[in-house]
Structure formats: C-alpha cells, structure tokens
Amino acid sequence: MTDHGPQPVERELPTEEARDLIALVRELIDREIRPRAAEEEAAGRFPRELFTLLSESGLLGLVHPEEFGGGGQPYEVYLQVLEELAAARLTVGLGVSVHTLACHALAGFGSKQQLAEHLPAMLGGGLLGAYCLSESSSGSDAAALTTRATRDGDTWTLEGTKAWITHGGVADFYTVLARTGPERTRGISAFLVPGDAPGLSAAAPEHKMGMNGSPTAQIHLDGVRIPDARRVGDEGQGFAIALSALDAGRLGIAACAVGVAQAALDEALAYTAQRHQFGRPIADFQGLRFMLADMATQIEAGRALYLTAARLRDAGRPFSKQAAMAKLFCTDAAMRVTTDAVQLLGGYGYTADFPVERFMREAKVLQIVEGTNQIQRVVIARALAGPESR
C-alpha cells in the first residue's frame with residue numbers, strides 16, 4: 001500500500017451543471033477555506049467574510065428557486081456540496097446548513113409578497129441567518145417552548161430566551177418559533193426577526209468542546225416588536241413548519257458528518273502511508289489496514305444513506321424516517337471514524353499539530369444537534385411500530 005493515499009471522492013451527480021458546481025466548490029475550498037481552517041478554529045474566529053463570499057457565489061441558496069436568486073439544485077446535489085465544505089471546515093459546512101434551515105420557513109411557507117420582499121436578500125444578498133427553536137428547558141421536547149408572541153393589532157411583541165443558537169449574535173436575521181396560543185403544538189407560530197431589531201440581544205457565546213469558530217449563544221427577546229407581515233405561515237402553524245425544517249436539517253447534519261469522517265480518513269491514509277515502523281509503512285500492517293477498511297465502509301454507507309433520503313425528498317416522497325436514519329448513522333459513524341483516526345496517528349493524533357483531534361471533538365456535537373441521536377431512534381421506532389401506548 002506504499003503508493004496509495006487519499007483521493008477525491010468520486011461522486012454520482014445527476015447533471016453536468018452539478019459536476020461543475022462541485023468543481024467550483026473544491027476550488028473555493030482550496031483557495032479560501034482549508035488553508036486557514038486550523039488556525040482560525042484554534043483562535044475561535046468566525047469567518048463572516050467567507051459567508052459573504054459564499055452568498056455572492058450562490059452557495060447559500062442552492063436548494064431554493066432560481067426566480068428568487070436560488071440555485072434550483074436538488075437536495076441530492078446540495079448535500080454533497082455541504083459534505084465537501086464540512087470536510088474542509090465544519091464551521092463552514094454546518095453554517096451553510098443552518099442558514100438553509102433559517103430560510104426554510106419563508107421559502108416553504110411564506111406568502112408571495114414575503115418571498116419577493118425578503119428571500120432574494122436571504123439567498124444571495126450577503127445576509128446570514130439563524131434558526132431559533134430550542135430553549136434552555138425545551139430541547140428535545142420542542143413543543144414545550146415558552147417564548148411568547150403577543151398580538152396587538154398588526155404588531156406582535158416577542159418575549160423570551162432562545163438557547164443553543166448557531167450564529168447567535170452574528171446573524172442578520174432569525175427565524176423564531178414562539179408561542180401564540182395555549183395549544184401545545186398548534187399554539188406556536190413562526191416569525192422572521194431582523195438581527196438589529198430593538199430588544200434583541202445575544203449573550204456571550206458558549207465555551208464549547210469543538211467548533212470554536214462557530215458562535216453558539218442564547219438570544220434574548222425583550223419586547224421585540226414585529227409587524228404581522230413578518231409572521232411566516234398561518235398563526236399556529238409554526239410547529240409543523242419547525243418539524244418540516246428539522247427533517248431537511250437532519251440531512252444537512254448527516255452530510256456534514258460524512259464530510260468530517262472523510263477528512264479524518266484522508267488524514268489517516270496520508271499518515272499511515274508515510275509513517276514507517278519496523279522498516280515499512282504502518283499502512284502495511286493488517287491490523288491498521290482493517291481499521292482503514294472499516295472507516296471507509298462506514299463513510300460509504302453513510303453517504304449512500306443520506307443520498308437515498310435526499311432523493312426521496314427530491315421526488316416529493318415522505319423521507320422523515322430516512323432522514324432520522326441518516327442523521328443517526330452518519331453522526332455515529334463520524335464519531336467512530338474520527339476516534340479511530342486519532343488512534344491510527346498514535347501520539348501525534350492527540351496533538352493539535354494534526355487535525356484529527358479537532359475532527360473528533362467536532363464529530364461529538366453532530367450526535368447532539370438537530371435532535372439527539374436518542375430522539376432519532378424515537379422517530380425511527382415510531383415510523384416502524386407506531387406511537388407508544390399511553
């Protein structure tokens with residue numbers, strides 16, 4: 001195995017346009033993202049100017065209609081772009097996924113006037129979004145949220161605190177889910193809140209195990225006044241909008257997880273090919289070769305799983321179960337693969353001189369966000385066996 005090492009992922013893409021898109025993304029990664037990823041993550045620097053470049057390049061609106069400045073690409077293509085970005089730097093890949101999630105409510109449920117007024121700037125106008133569903137006491141049980149929106153004529157006043165918000169404090173707009181009625185799931189509505197709205201503020205970013213370049217913070221809504229024209233969808237439709245967004249968002253997390261795992265495998269392949277012990281490359285030793293084989297198999301299986309779910313979505317078929325399966329399998333696989341990569345690099349794998357320790361720390365959060373993997377098992381089991389008896 002002495003002359004073998006990492007190779008670019010061979011992708012199954014539906015069109016020549018999609019192949020050109022992947023080539024463009026790889027060029028941008030090599031020029032703008034990968035060279036500074038380790039340094040900027042270590043410094044905890046959020047690459048805001050890079051997201052402006054991604055917006056200008058059309059990479060923040062790939063799945064949305066071309067008439068509003070989107071790319072009109074199927075999820076099958078968009079997710080493979082996410083995978084490439086996440087392999088270079090998870091802060092970027094996950095950031096694109098979160099922005100897409102923040103645009104989902106308006107793009108899928110907004111009125112014609114709302115789409116025309118807001119969506120072009122959200123997709124290609126240099127704006128960056130955040131998605132505000134979770135609260136400190138309502139994570140997995142999202143319907144228990146307590147942030148409240150009170151109506152007074154044509155104006156809503158928002159009060160409450162959102163937690164674990166990616167891009168909190170740096171976003172230009174926030175898609176906020178708030179309680180507008182007493183019903184548990186039918187008393188929630190969605191609002192598009194400007195990042196500079198009076199009364200909106202962000203707490204200091206959380207100190208995290210990984211993804212230090214991506215700010216995660218609480219968002220405080222203290223008497224934030226929003227016109228009814230910024231309510232997205234029908235009053236009380238917010239929870240259904242949120243579930244729809246989460247199904248799509250879970251596929252984004254699955255693709256990001258495969259990207260991180262692929263990056264870890266590439267580092268392990270490069271290291272084991274050049275590291276010599278007992279007079280030959282350590283990649284020649286069967287015990288290590290089998291680890292590499294298992295890592296590659298898990299990555300290929302995860303990629304196939306998220307693409308299957310994406311193709312169902314693109315065909316307009318139900319995909320909730322498959323999205324949960326993809327998120328569950330891909331993120332668990334990323335944790336295993338990155339841990340094995342650290343082991344393959346030995347002592348060097350435990351140092352910050354090599355990126356695999358960062359990949360392992362980053363993989364952990366992917367098992368938690370967009371619904372913990374325990375919640376994914378609940379979703380899958382309900383799809384198989386029906387709701388739990390009460």
Side-chain angles (χ1 to χ4, degrees), residues 46 48 95 98-110 114 117-119 121-122 127-208 214-246 249 369-370:
F46 179 65
R48 185 62 180 86
V98 167
H99 178 83
T100 303
L101 190 67
C103 294
H104 177 91
L106 185 75
F109 299 88
Q114 288 175 324
E117 183 177 354
H118 301 296
L119 195 55
M122 291 162 66
L127 302 185
L128 185 66
Y131 184 72
C132 299
L133 175 62
S134 295
E135 299 178 3
S136 58
S137 60
S138 64
S140 296
D141 185 10
L145 65 85
T146 60
T147 294
R148 181 166 296 280
T150 305
R151 187 166 188 166
D152 181 12
D154 289 333
T155 303
W156 293 88
T157 300
L158 277 62
E159 298 275 357
T161 297
K162 293 296 182 176
W164 311 112
I165 306 305
T166 301
H167 301 159
V170 300
D172 299 297
F173 66 91
Y174 297 83
T175 296
V176 177
L177 282 301
R179 184 159 300 286
T180 53
E183 301 88 349
R184 179 175 159 81
T185 59
R186 296 182 181 179
I188 296 171
S189 301
F191 298 87
L192 185 64
V193 181
D196 60 356
L200 185 150
S201 63
E206 305 286 352
H207 296 286
K208 299 177 296 185
S214 176
T216 304
Q218 289 188 343
I219 294 297
H220 303 302
L221 301 152
D222 184 12
V224 175
R225 291 175 64 81
I226 297 295
D228 188 54
R230 280 184 169 266
R231 174 177 48 83
V232 180
D234 296 332
E235 187 175 339
Q237 193 181 10
F239 193 69
I241 293 173
L243 292 183
S244 172
L246 287 175
V369 296
E370 304 287 2

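Closest non-hydrogen pair, Ala144 versus Ser138, comes out as C-CB, 3.7 Å. The two atoms that bring Ala203 and Ala217 nearest to each other are O-CB, 3.6 Å, heavy atoms only. Between Lys208 and Pro215, the shortest heavy-atom contact is NZ-C, 4.4 Å. Heavy atoms only, all atoms of each residue included: Ala105 and Ile241 are closest at CB-CG2, 3.6 Å. Nearest heavy-atom pair across Ala130 and Ala171 is CB-CB, 3.8 Å.
For Ala121, the side chain to side chain contact (heavy atoms under 4.5 Å, CB included) test picks out Leu127, with sequence neighbours left out. The salt bridge (Lys or Arg N to Asp or Glu O under 4.0 Å) search around Glu159 returns none, not counting sequence neighbours. With sequence neighbours left out, Arg151 forms a salt bridge (Lys or Arg N to Asp or Glu O under 4.0 Å) with Asp228, Glu235. Among residues two or more places apart in sequence or in another chain, the salt bridge (Lys or Arg N to Asp or Glu O under 4.0 Å) test is passed with Arg225 by none.
A distance of 6.0 Å separates CG of Leu221 from OG1 of Thr147, quoted to the nearest 0.5 Å. Put simply, CD on Gln114 and CZ on Arg230 are 9.0 Å apart, with the number rounded to the nearest 0.5 Å. Rounding to the nearest 0.5 Å gives a distance of 12.5 Å between CZ of Arg148 and OG1 of Thr157. Between the OG atom in Ser201 and the CD atom in Gln218 there is a gap of 10.0 Å [rounded to 0.5 Å]. For the atom pair OH of Tyr174 and CG of Leu158, the computed distance is 13.5 Å after rounding to the nearest 0.5 Å. The distance from the CG atom of Leu128 to the SG atom of Cys103 is 9.0 Å, given to the nearest 0.5 Å.
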Exercise. Passes side chain to side chain contact (heavy atoms under 4.5 Å, CB included), Arg184 versus Asp141? Steps please.
Worked result: CA-CA 11 Å; Arg184 179 175 159 81; Asp141 185 10; 2.3 Å; yes

Output side-chain donor-acceptor pairs under 3.5 Å for residues 160-167, partner residues at least two apart or in another chain, one line each.
residue: Thr161; atom: OG1; partner: His220; partner atom: ND1; Å: 3.1
residue: Lys162; atom: NZ; partner: Leu133; partner atom: O; Å: 3.1
residue: Lys162; atom: NZ; partner: Glu135; partner atom: OE2; Å: 3.0
residue: Lys162; atom: NZ; partner: Leu177; partner atom: O; Å: 2.7
residue: His167; atom: ND1; partner: Gly129; partner atom: O; Å: 2.9

Which atom pairs, one a donor and one an acceptor, fall under 3.5 Å between side chains of residues 189-200 and the rest of the protein, sequence neighbours left out?
residue: Ser189; atom: OG; partner: Thr180; partner atom: OG1; Å: 2.8
residue: Ser189; atom: OG; partner: Gly236; partner atom: N; Å: 2.9

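Side-chain contact between Pro205 and Phe46 is absent, with no heavy atoms from C-beta onward closer than 4.5 Å.
Side-chain atoms of Arg231 come within 3.5 Å of backbone atoms of Gly233 as a donor-acceptor pair (strictly under, hydrogens ignored). Under the 3.5 Å distance criterion, the side-chain polar atoms of His99 are matched with a main-chain donor or acceptor of Met122. Although no hydrogens or angles enter the test, the distance criterion places a donor-acceptor pair under 3.5 Å between the side chain of Arg179 and the main chain of Ala143.
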